[in-house]
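Notes follow the structure.
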Protein chains: 2
Amino acid sequence: MEIDVLRSAYPDHWNKAAAIRALALDAVAAANSGHTGMPLGMADIATVLFEKHMKFDAANPDWPNRDRFIVSNGHGSMLLYALLYLTGYEDMTLEQVKNFRQLEAITAGHPEYGHAKGIETTSGPLGQGIATSVGFAMAEEHLRAVWGSKIFDHHTYVFAGDGCLMEGVSQEAIALAGHQKLGNLIVFFDDNAITIDGEVSLADSTDQKARFAASGWEVMGCDGHDPVSIDHAITAAKASDRPTLIECKTHIALGSSAQDTAKGHGALTDPEVVQNTKDAYGWGYGPFEIPDELLQEWRDIGRKGAQARAEWQEAYDALSDRKKAEFERTWAGDAPKKLAGTIRALKKQITEEAPKVATRKASEMALEVINPIMPETFGGSADLTGSNNTQTSDLGIFSPENRKGRYMHYGIREHGMCAAMSGLKLHGGLRPYGGTFMCFADYARPSIRLASLMRIPVVYVLTHDSIGLGEDGPTHQPVEHLAMLRATPNLHVFRPCDGVETAEAWELALGRMETPSVLALSRQGLPTLRLEHKQKNLTASGAYVLAEAEGKRQAILMASGSEVSLAMAARDLLQAEGIGTRVVSMPCMDLFAEQDEAYRKRVLPGGAVRVAIEAAGPMGWDRWLSGERGRGQKAGFIGMESFGVSAPAGDAYAHFGITAEAAAEKVKSLL
Amino acid sequence: MEIDVLRSAYPDHWNKAAAIRALALDAVAAANSGHTGMPLGMADIATVLFEKHMKFDAANPDWPNRDRFIVSNGHGSMLLYALLYLTGYEDMTLEQVKNFRQLEAITAGHPEYGHAKGIETTSGPLGQGIATSVGFAMAEEHLRAVWGSKIFDHHTYVFAGDGCLMEGVSQEAIALAGHQKLGNLIVFFDDNAITIDGEVSLADSTDQKARFAASGWEVMGCDGHDPVSIDHAITAAKASDRPTLIECKTHIALGSSAQDTAKGHGALTDPEVVQNTKDAYGWGYGPFEIPDELLQEWRDIGRKGAQARAEWQEAYDALSDRKKAEFERTWAGDAPKKLAGTIRALKKQITEEAPKVATRKASEMALEVINPIMPETFGGSADLTGSNNTQTSDLGIFSPENRKGRYMHYGIREHGMCAAMSGLKLHGGLRPYGGTFMCFADYARPSIRLASLMRIPVVYVLTHDSIGLGEDGPTHQPVEHLAMLRATPNLHVFRPCDGVETAEAWELALGRMETPSVLALSRQGLPTLRLEHKQKNLTASGAYVLAEAEGKRQAILMASGSEVSLAMAARDLLQAEGIGTRVVSMPCMDLFAEQDEAYRKRVLPGGAVRVAIEAAGPMGWDRWLSGERGRGQKAGFIGMESFGVSAPAGDAYAHFGITAEAAAEKVKSLL
């Protein structure tokens with residue numbers, strides 16, 4: 001429809017939507033940067049959704065049973081900021097909107113989780129929002145089954161653009177949502193036929209409705225500017241027992257001189273263009289000016305969920321004290337008090353039995369004692385359950401028939417799994433973990449990075465963490481992955497050397513409130529090296545002295561994971577020749593870097609030659625070999641400079657010279 | 001159909017297929033490792049394809065116009081090795097088959113490109129094969145338009161499993177192939193309803209035929225064990241002007257006790273199981289034994305393309321000498337002789353004009369002189385053409401209507417783009433490059449890693465390489481990416497500091513024969529620092545002295561890319577205080593590491609304090625700060641330890657203290 005037709009047909013709606021558009025125009029112009037086109041194109045859909053359907057209470061933004069609103073096409077962040085300001089979210093002030101994209105402002109270029117209430121997830125890297133929303137929808141289905149529909153019964157609404165649907169991760173998300181029949185998930189596709197390079201037809205001719213239908217979705221269309229058409233579509237979508245795609249025909253940068261063009265995707269900053277666009281809307285107010293009456297109408301929308309929230313509170317208050325305590329603990333993300341004791345008991349048992357097991361198996365042993373006392377854990381694997389050892393006896397399988405199930409078969413979808421894990425955590429009430437081969441964490445890099453940026457404590461169980469996996473060969477053998485993961489800010493990489501360190505790593509990962517963790521685990525069996533039971537979690541300091549030098553300390557061997565036992569064997573060889581050798585186990589470089597300098601120097605004192613052993617590339621070790629940014633002493637590294645090889649594990653280690661003998665020789669060559 | 005029915009109905013076919021199955025059973029049993037199920041399930045399809053349709057000549061495996069055969073479900077590698085041995089590829093001896101998955105053998109756990117002729121690409125990480133095949137098909141379409149259908153006119157056949165189709169990258173590939181109407185691409189979907197975790201129905205309920213059809217594919221089905229049904233499907237697929245999906249109903253691990261079960265996916269090694277399976281096939285021969293007559297029949301299949309190849313040779317010989325020389329140069333992957341002179345002229349021009357331009361713009365300036373003299377370049381971008389500056393005036397757009405076009409609008413599909421780039425290069429005759437924002441290289445990690453492993457010199461143009469991109473914020477600002485890419489074996493990461501180094505980086509990237517390159521380029525304008533024209537390519541040594549210390553050398557500042565100008569400014573501050581300061585530009589750590597120790601010591605002599613400056617995480621710099629693995633001196637780093645921030649570039653740099661003043665202060669604090 002033409003703008004003037006819409007204006008005259010739906011004046012009240014039009015003005016509300018125009019308020020969003022005007023704020024987007026003003027903020028982008030003020031920042032001289034940003035994306036005007038999406039807010040102008042999707043303002044009508046957002047207005048109808050928030051006015052007529054979204055269940056929320058701006059005064060209580062943390063209400064667990066609120067509907068979730070996800071802007072997957074995150075470059076349209078001003079649409080979200082405008083909605084939060086207009087509906088009265090306390091921290092989204094007009095001042096913040098005016099400071100769009102400026103240092104210190106909560107109104108970042110793309111929505112950043114944690115910057116403001118109402119930002120449910122960080123988005124911007126395309127496809128991440130829609131993939132993460134699957135986790136939100138799964139969490140709601142699961143928690144509804146666990147807590148009842150008076151406590152959890154809400155929808156997850158997603159705005160997505162062509163870019164979100166072109167990214168491969170969207171297919172993994174669509175297939176998972178369709179297979180799981182997530183009827184509480186509703187996606188609005190901003191079908192404006194435009195991308196940055198030009199018309200979508202330059203690069204795509206996919207029938208999106210047919211594509212979604214092929215994975216079991218309900219699909220429908222609407223005129224993305226006609227409030228009645230939008231309202232009917234949303235009403236129908238809410239009635240569906242399957243996830244729904246609403247293909248919304250829209251005009252990018254509606255009403256501007258750049259409407260329906262690639263130019264309209266970006267920042268419209270020319271004052272004349274901005275003014276002409278406002279004129280086309282019949283918007284006669286100054287920059288960032290919203291007339292009181294209109295603002296009040298929006299504020300009323302922001303409070304219309306208050307009644308529903310009050311009723312929810314009654315239902316919640318009616319829960320037993322035990323239930324309420326459990327809810328509060330899991331919602332806060334706190335580990336149960338008994339976790340520490342449970343882990344200590346497991347450590348004691350392992351120390352006494354000293355089994356030779358792969359750390360992936362030790363991880364399963366830990367999960368077998370953790371999952372029963374943490375009903376909030378939600379496990380899964382990208383079709384490697386038997387290899388990742390991620391499933392324990394009491395979880396049950398999450399499916400449309402068993403929403404109480406706590407284990408998910410994600411299929412061969414590492415990226416969709418990790419994005420869904422973020423959604424499960426962001427929703428609240430759950431502690432997701434998921435497994436795949438470490439090499440295939442590559443497929444999930446964008447989601448792992450976002451989790452680290454969002455500061456959410458999910459746990460990635462990455463098994464088969466080196467050439468020790470053997471015959472599958474270089475395509476499956478990590479070499480640079482430890483460096484890549486360790487280089488990622490706010491991501492803790494644990495590479496335990498035995499069952500005790502594995503139990504300690506799990507305790508630490510589950511105790512984290514703002515940091516995701518990687519557990520890098522071996523395929524091959526490893527001896528128990530922690531033979532003396534310690535109540536204390538030694539892994540917590542990142543690195544510690546596992547074996548002290550006998551006699552004068554001439555060498556320090558440091559290693560992680562499967563190579564720590566090689567370091568111990570090398571120590572035996574060196575001590576036999578009277579060369580005093582300390583072995584430092586370094587299960588988590590990130591945590592060691594966080595220790596004070598005094599501790600780091602106690603573990604890695606000067607003087608002795610240093611040799612690090614890890615079946616991976618050297619990047620990351622130089623800092624510890626050199627005594628931190630220079631001031632070093634003689635040092636060496638035993639590891640890899642190339643890709644792996646297809647051969648039995650023992651042959652592979654020998655081929656690359658990663659042996660106790662080589663480590664001992666390296667030390668002697670440096671003395 | 002039942003096995004006995006098939007055997008009696010098609011005895012000749014059955015025995016040929018049984019030979020593949022027997023070899024797979026024996027090799028996996030001998031290795032006590034591997035995947036038996038796929039070869040047993042797809043042997044009939046492979047037999048019909050090779051006997052009746054594949055255009056190839058085992059005696060001339062490098063024939064440019066051969067059909068390409070891609071095993072995307074690469075865990076079924078024994079199927080491929082069996083086919084290569086049976087059809088008579090010289091290097092695939094029975095000895096190699098017997099050494100399946102052993103050290104030094106060419107028969108790796110997953111197909112490794114370069115190990116043997118007939119292995120067209122490395123596969124194993126699921127979805128990579130099918131995504132790479134799109135590049136093969138594009139290359140054939142393009143080269144057919146350029147050289148004529150007598151020189152190029154072949155198909156690309158792909159075997160793919162459920163895992164390949166679940167991985168998101170497959171959707172990017174399917175959409176690209178459908179949009180580009182790649183009628184020469186035929187995919188066989190091994191529809192056996194089984195994955196590692198169990199039945200596909202545990203994790204997926206996608207209608208694959210409907211999904212492919214939604215992206216414009218021809219779709220059909222067949223009985224994957226009935227040779228007549230398979231033959232009819234292939235014949236129909238070859239007649240289609242669109243890419244074709246053939247959904248083949250098969251039984252994984254056909255005829256074994258593990259048929260149609262997840263157990264059948266992996267290694268069947270129990271001697272009794274192996275024998276019973278052979279008995280079910282009516283295969284009465286010993287391990288690795290193929291009766292002479294049957295082997296001869298297979299060898300005849302291996303030569304049936306000889307006539308077609310001879311005719312191709314005649315057509316090729318009929319080309320003009322100039323054409324033949326051009327074909328041989330581009331097929332060999334050699335850069336043209338005039339490239340060096342062209343780059344030198346550009347360097348001279350930039351040195352004289354000393355423009356302040358972003359290195360992404362400088363990259364465009366280089367491409368404007370490179371593309372006209374290298375008709376084999378094939379460019380593209382993942383919907384960021386105007387930001388990556390990857391399109392030059394003379395390329396034309398590759399499309400169904402213009403197959404001669406040398407520029408591809410890949411859409412918002414970084415992963416599909418990078419996989420297709422590998423296919424374009426693996427096919428032969430082309431030099432692909434493609435662009436995206438550096439942060440979104442994350443989406444393509446698996447394909448970038450495979451290209452590095454396969455040793456193919458593609459070029460990734462990664463712009464917006466730091467917080468210098470400004471307001472888009474942390475989701476778009478690389479921090480750990482340089483470390484991640486530098487840690488990847490056999491990948492050269494170039495981060496040029498100005499237009500001259502950018503031109504030198506392009507010259508080096510295009511001169512590579514076995515190494516992919518990353519060009520890390522700035523969004524923001526940078527001053528020209530190389531103000532004295534040098535014929536020599538200084539970037540070739542990885543790092544060099546850009547500015548010598550005046551007076552006694554007390555400090556060495558090292559930096560890359562956009563921070564080199566900061567190092568120069570810091571040097572001015574320090575020299576003003578009489579502190580002799582050398583500035584080392586390090587555009588490629590990988591190449592610097594390859595220099596001999598004498599050169600590295602000349603560039604980074606001992607004594608002086610060292611400070612590195614890079615708007616990224618520190619990982620990777622410690623090696624140079626500490627004087628390589630210990631033996632260091634006082635050193636410091638100016639950069640980032642956290643994610644970025646949404647703000648104007650200047651504010652972001654100031655916020656993180658990445659300034660000339662901070663670098664100068666750091667030096668003084670170390671003196």
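- A donor atom on one side chain and an acceptor atom on the other are not found under 3.5 Å apart for A:S626 and B:D622.
- For B:P478, the part lying under 4.5 angstrom from a heavy atom of chain A is the backbone only.
- Here A:G163 is the residue among A:A210, A:G473, A:G163, A:G124 with the most heavy-atom pairs under 4.5 Å with chain B.
- Residue B:L485: no heavy atom, backbone or side chain, is found under 4.5 Å from chain A.
- Here the side chain of B:H415 pairs a donor or acceptor atom with the backbone of B:Y443 at under 3.5 angstrom.
- Remark: side-chain polar atoms of A:E167 are not paired, donor with acceptor, to backbone N or O of A:L165 under 3.5 angstrom.
- Proximity to chain B (any heavy atom under 4.5 Å) is shown, for A:Q208, by neither the backbone nor the side chain.
- Contact count against chain B (heavy-atom pairs under 4.5 Å) is highest for A:P125 among A:G411, A:S33, A:P125.
- Residue A:I448 does not touch chain B at all, counting heavy-atom pairs closer than 4.5 Å.
- By the 4.5 Å heavy-atom criterion applied to side chains, A:R486 and B:M619 are counted as neighbours.
- With a threshold of 4.5 angstrom between heavy atoms, B:T122 approaches chain A through side-chain atoms but not through N, CA, C or O.
- Between the side chains of A:R211 and A:S170, at least one donor-acceptor pair of N or O atoms lies under 3.5 Å.
- Side chains of A:S447 and A:Q128: a donor-acceptor N/O pair is present below 3.5 angstrom, by distance only.
- Residues A:S205 and B:H179 have side chains that bring a donor and an acceptor to within less than 3.5 angstrom of each other.
- Most heavy-atom pairs under 4.5 Å with chain A, from the set B:T475, B:T385, B:D383: that is B:D383.
- Proximity to chain A (any heavy atom under 4.5 Å) is restricted, for B:S642, to the backbone atoms N, CA, C and O.
- For chain B, the nearby parts of A:S452 are the backbone and the side chain; heavy atoms of each come within less than 4.5 Å.
- Between A:H110 and A:H75, the two ring planes are perpendicular [angle over 60°; tilted spans 30° to 60°].
- Of the two parts of A:C439, only the side chain, counted from C-beta on, holds a non-hydrogen atom closer than 4.5 Å to a non-hydrogen atom of chain B.
- Heavy atoms of B:Y410 lying under 4.5 Å from chain A belong exclusively to its backbone.
- Contact annotation for B:S387: neither backbone nor side-chain heavy atoms come within less than 4.5 Å of a heavy atom of chain A.
- Contact annotation for B:E104: only side-chain heavy atoms (C-beta onward) come within less than 4.5 Å of a heavy atom of chain A.
- Side chain to side chain, B:D204 and B:T206 meet the donor-acceptor criterion of an N or O pair below 3.5 Å.
- Here B:T488 is the residue among B:T488, B:N490, B:V169, B:N32 with the most heavy-atom pairs under 4.5 Å with chain A.
- Contacts of B:D162 classified as salt bridge (charged side-chain N to carboxylate O under 4.0 Å, His left out), with partners at least two apart in sequence or in another chain: none.
- Of the residues considered (B:A487, B:G617, B:S77), B:A487 shows the highest number of contacts with chain A, using heavy-atom pairs under 4.5 Å.
- Remark: A:H409 pairs with A:Y407 by the ring pair (Phe, Tyr, Trp, His ring centres under 6.0 Å) rule, at least two apart or across chains.
- Using a 4.5 Å cut-off between heavy atoms, B:E112 contacts chain A through its side chain alone, with no backbone atom that close.
- With a 4.5 Å cut-off on non-hydrogen atoms, A:V645 touches chain B through its side chain but not through its backbone.
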